[in-house]
Visitor: 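The structure follows.
Side-chain atoms are counted along with the backbone in the values below, which use heavy atoms only and exclude waters and symmetry mates.
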Amino acid sequence: MATDGTAPGAGYGDDPTGGDLADVARAGAREWQQEMAAWESDAEMLRLRQRHLGNVLWEAMQRGDRVTATAGGHSFTGTLTAVRGDLAVLETPDVTAALHIPALDAVQLEHSGGGVAGDRTYGSLRAYLGMLEVEARQVRIVGRTIDVTGRVVVAADDHVLLAPAAGGETAVAIAAIVAVMTSTH
């Protein structure tokens, strides 16, 4: 015994309980870590439940996923370059497909890497159609029951007016559009 009544070698920070207190602290830390992991898991599930399809596509674009979007009898596979509002722009080797997100039935994602922040030039399918109008681009518009090709004459609030090469005009309701395709060549 030391002159002050403590055991030899005992000093500041020593556990007078012989290690029991340290065991309790370790057990408490493990329990706290388990609770935090459960809370994080619950928070992630809540985030996933609150997402919209546009959020799923935006995250896929950020990761650089290879995306296959399907609607009706149409399927498009490529990488996303823009996702905003009701619009997702998908690049394939042959075409750029401006997808109308509310018209999509399913999206398959293959994680691949090399994502992009995304083009913010246009914030909706209507705005994208307006760009095609200004550029007087030849487009192919497909929907569940439509497939028409022509030059964009006017992008109105609820429809797009096309001038097919054969003559005349075709008005397509924006709500009926699955994709607006332009050639990448």
Visitor: Identify whether L109 and L53 are in the same connected component of the hydrophobic contact network (ILVMFWY, side-chain heavy atoms under 4.5 Å).
Guide: yes

Visitor: Could you tell me which non-hydrogen atom of A179 sits nearest to which non-hydrogen atom of L99, and how far apart they are?
Guide: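 The pair with the smallest heavy-atom distance is CB-CD2, 3.8 Å.
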
Visitor: If the test is side-chain contact (heavy atoms from CB on, under 4.5 Å), which one of D65, V67, V89 qualifies with L57?
Guide: V67

Visitor: Would you give the length of the straight line joining atom CG of L87 to atom OH of Y122, rounded to the nearest 0.5 angstrom?
Guide: 7.0 Å

Visitor: Between H100 and I177 (side chain of the first, backbone of the second, donor and acceptor by atom type, cut-off under 3.5 Å), is there such a pair?
Guide: yes

Visitor: Using a distance-only test with no angle check, is there a side-chain donor-acceptor pair under 3.5 angstrom linking E91 and T79?
Guide: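 E91 vs T79: no donor-acceptor pair found between side chains.
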
Visitor: Any side-chain heavy atom of V95 sitting closer than 4.5 Å to one from F76?
Guide: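 They are not in contact (no side-chain heavy atoms under 4.5 Å apart), so the answer is no.
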
Visitor: Among T149, D147, T182, find the residue that satisfies the side-chain hydrogen bond (donor to acceptor under 3.5 Å, both in side chains) test when tested with R140.
Guide: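 Answer to the side-chain hydrogen bond (donor to acceptor under 3.5 Å, both in side chains) test with R140 among T149, D147, T182: D147.
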
Visitor: Looking at I101, is its backbone amide N or carbonyl O close enough to the side chain of D86 to form a donor-acceptor pair, meaning the two atoms are under 3.5 Å apart?
Guide: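 Looks like no, no N/O pair under 3.5 Å.
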
Visitor: Which value, rounded to the nearest 0.5 Å, describes the distance between L161 atom CG and L129 atom CG?
Guide: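 Reported to 0.5 Å precision, the distance equals 11.5 Å.
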
Visitor: So how far is it from R84 CZ to W58 CH2, rounded to the nearest 0.5 Å?
Guide: 11.5 Å

Visitor: Could you go through V142 and M181, starting from their C-alpha distance and side-chain angles, then the distance that decides it, and tell me whether this counts as side chain to side chain contact (heavy atoms under 4.5 Å, CB included)?
Guide: CA-CA 8 Å; V142 295; M181 296 173 286; 3.7 Å; yes

Visitor: For the residue pair E59 and V83, establish whether any side-chain heavy-atom pair is separated by less than 4.5 Å.
Guide: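 They are not in side-chain contact.
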
Visitor: Between the side chain of E133 and the main-chain N/O of A155, is any donor-acceptor distance below 3.5 Å?
Guide: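 Side chain of E133 to backbone of A155, a donor-acceptor pair under 3.5 Å: yes, one is there.
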
Visitor: Please check this pair: side chain of H74 against backbone of G143, looking for a donor-acceptor N/O pair closer than 3.5 Å.
Guide: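 Yes.
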
Visitor: Can you name the closest pair of heavy atoms from V178 and A71 and give their distance?
Guide: CG1-CB, 3.5 Å

Visitor: Are any non-hydrogen side-chain atoms of I146 and I141 less than 4.5 angstrom apart?
Guide: yes

Visitor: Could you go through the side chain to side chain contact (heavy atoms under 4.5 Å, CB included) check for V172 and V148 one step at a time?
Guide: CA-CA 9 Å; V172 179; V148 62; 3.8 Å; yes

Visitor: Please tell me whether L90 and Y128 are part of a single hydrophobic cluster in this structure, the criterion being side-chain heavy atoms less than 4.5 Å apart.
Guide: no

Visitor: For the backbone of S112 and the side chain of R66, can you confirm whether one donor and one acceptor N or O come within less than 3.5 Å of each other?
Guide: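 Answer holds: no.
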
Visitor: Is any side-chain heavy atom of V154 less than 4.5 Å from a side-chain heavy atom of V160?
Guide: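 In short, these two side chains do not touch, never coming nearer than 4.5 Å.
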
Visitor: Within the side chain of T70, is there an N or O that forms a donor-acceptor pair under 3.5 Å with the backbone of D105?
Guide: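 Pair absent, no side-chain N/O of T70 close to backbone of D105.
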
Visitor: L80 and M61: which non-hydrogen atoms are nearest, and at how many Å?
Guide: O-CG, 3.5 Å

Visitor: What distance do R151 atom CZ and L162 atom CG have between them, rounded to the nearest 0.5 Å?
Guide: 9.5 Å

Visitor: Work out which heavy atom in R126 is nearest to a heavy atom in I174; give both atom names and the distance.
Guide: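 The answer is CD-CD1, 4.1 Å.
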
Visitor: Looking only at atom types and distance, does a side-chain atom of T170 sit under 3.5 Å from a main-chain N or O of P164, one as donor and one as acceptor?
Guide: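 No, T170 side chain to P164 backbone: no donor-acceptor pair under 3.5 Å.
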
Visitor: Backbone N or O of G78 within a donor-acceptor pair of the T92 side chain at under 3.5 Å?
Guide: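 The answer is no, because no donor-acceptor pair under 3.5 Å joins these two groups.
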
Visitor: Could you walk me through whether D94 and S183 pass the side chain to side chain contact (heavy atoms under 4.5 Å, CB included) test, one step at a time?
Guide: CA-CA 6 Å; D94 301 321; S183 174; over 6 Å; no

Visitor: How long is the span from the CZ atom in R137 to the CE atom in M131, to the nearest 0.5 Å?
Guide: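 Output value for this atom pair is 6.5 Å.
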
